[in-house]
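Indexing begins at 1, ligand by ligand and atom by atom, following the structure's order. Along the sequence shown, residues are numbered consecutively beginning with 1.
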Amino acid sequence: MRMTKRAALVLALIGLAALGRPAAAAADEDGEVISVAKRDFEAARLGRLRLDLLMEKDGRIYLVASPGEMAALAALRVAATVETPRLLQAAGQGLSAAGGINGAYHSTLELETDLRLLERDHPGLASVREIGESLEKRKIYALKISDNAASDEGEPAVLFLGCHHAREWISVEVPFLFGRYLLENYAGSQEVRDLVDASEIWIVPIVNPDGLEYSIHVYRYWRKNRRANADGTFGVDVNRNYGFAWGFDNNGSSGFPGSDIYRGTAPFSEPETSAVRGLFLGRDFRALISFHSFSQDILFPWGYTTDPAPGDAGLDAIAGTMAGLMAGVRGTVYAYGQASRLLYLTNGDTADWAYSVAEAPSYTIELPPVDVDHGGFFNDETAIGAIFDENRPAMLYLTRYAVDHPLPRRRPLPVRRERGRPPAASKPTIIPRPAPGPVR
Ligand SMILES: [Zn+2]
């Protein structure tokens with residue numbers, strides 16, 4: 001219900017200028033756009049209230065609040081500013097919210113434009129490829145960076161993915177900025193030049209474009225794709241739809257279509273995961289990072305079981321090195337460990353699948369902030385650059401590692417079929433870190 005109300009309000013705000021309608025037409029009788037200072041938001045721990053958040057800008061968090069929620073904020077002594085009239089006025093002056101509702105974050109169209117610009121400005125080094133099409137017929141783009149990027153030379157490849165989950169906007173920006181960094185520093189940095197010449201670096205900033213657009217324009221907290229499910233609900237969790245240990249149990253994914261971790265009707269049932277599969281299987285991929293948010297974690301397989309993956313110690317060592325490099329930039333601590341133990345069980349996710357088919361070091365990085373009290377799925381636009389900067393040395397390191405380490409070409413790893421089995425008693429007992437807040 002909230003989604004419908006909010007959609008009406010936001011669409012009204014965006015559309016007012018074009019329609020020339022009076023301001024009162026958009027004032028939803030059940031909600032107002034308000035803003036609160038981010039410091040107040042954090043101090044009062046409002047992240048726990050599951051408010052209908054819109055965006056963050058200039059130190060303020062914008063949200064849609066019902067009269068009841070405004071009363072709750074007042075009771076918590078949180079100062080809120082009603083923004084609806086100001087936004088409507090801006091819309092009336094032609095300052096439509098349409099170009100600004102996602103601020104410095106990329107929409108699907110903005111990403112396409114920026115990828116094409118990189119390709120234009122760096123001929124020979126950058127090649128934009130369409131690797132698939134979403135349910136709503138949006139293109140899924142990959143940026144390939146290599147010497148002679150237009151021709152596939154079979155060089156060692158690495159893959160950086162973003163935005164499996166629609167509301168995790170920062171996960172688009174980090175892989176995109178890595179691509180831009182490589183291209184802009186190719187001429188001036190020996191390290192970058194050596195790396196790019198020796199490898200193929202593939203970057204897919206938006207795996208789930210339909211979900212992202214829905215998150216930008218309709219419901220900021222949307223997570224899944226926009227599959228119309230048989231029971232009338234929408235969305236498959238594309239990070240539970242990969243074909244290894246798919247549906248292994250009902251903890252790491254759900255068979256209930258309305259769930260935020262719905263795995264879909266079959267492995268790779270979704271065009272978004274099929275696109276990644278097609279890209280990955282056709283090349284010599286030796287490493288992968290799939291970016292998500294939030295919680296500042298570096299997670300490695302397995303996610304589907306608390307049993308260690310073959311080569312577990314190697315995955316741990318690489319993660320430790322990456323965490324050290326990341327902390328060295330500005331002190332941000334990224335915890336690292338096996339996904340199922342450090343965060344929670346997941347089955348059918350990207351990293352497990354990639355590791356199962358290639359034994360390529362495969363990571364999920366949960367970007368900042370560290371928890372819901374520090375913003376959850378929201379990062380201030382001004383933090384984008386710093387978050388990329390602290391991830392960059394780890395991305396360079398993993399790329400170098402991949403170039404230097406051919407993979408053991410083994411058969412695909414088997415799934416352990418026992419379900420619900422407790423971890424082997426010989427392993428150290430790990431007390432899972434509490435993971436409050438929504439799935440990410
Ligand atoms: Zn995620």
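Residues Leu76 and Leu46 meet the side-chain proximity criterion, which asks for heavy atoms closer than 4.5 Å.
Under 2.8 Å from the Zn ion (ligand 1), one finds the following protein N/O/S atoms: His165 ND1, Glu168 OE1, Glu168 OE2, His292 ND1, Arg440 O.
Of the N and O atoms on the side chains of Asn241 and Ser269, at least one donor lies less than 3.5 Å from an acceptor on the other residue.
When the side chain to side chain donor-acceptor pair (under 3.5 Å) test is applied to Asp152, the partners found at least two apart in sequence or on another chain are Arg129, Lys144.
Note on ring orientation: taking the six-membered ring where Trp is involved, the planes of Phe178 and Tyr181 are parallel (angle under 30°, cut-offs 30° and 60°).
A salt bridge links Asp373 and Arg48; the closest N-O separation between the charged side-chain nitrogens and carboxylate oxygens is under 4.0 Å.
Note: Leu195 CG to Met395 CE = 11.5 Å, rounded to the nearest 0.5 Å.
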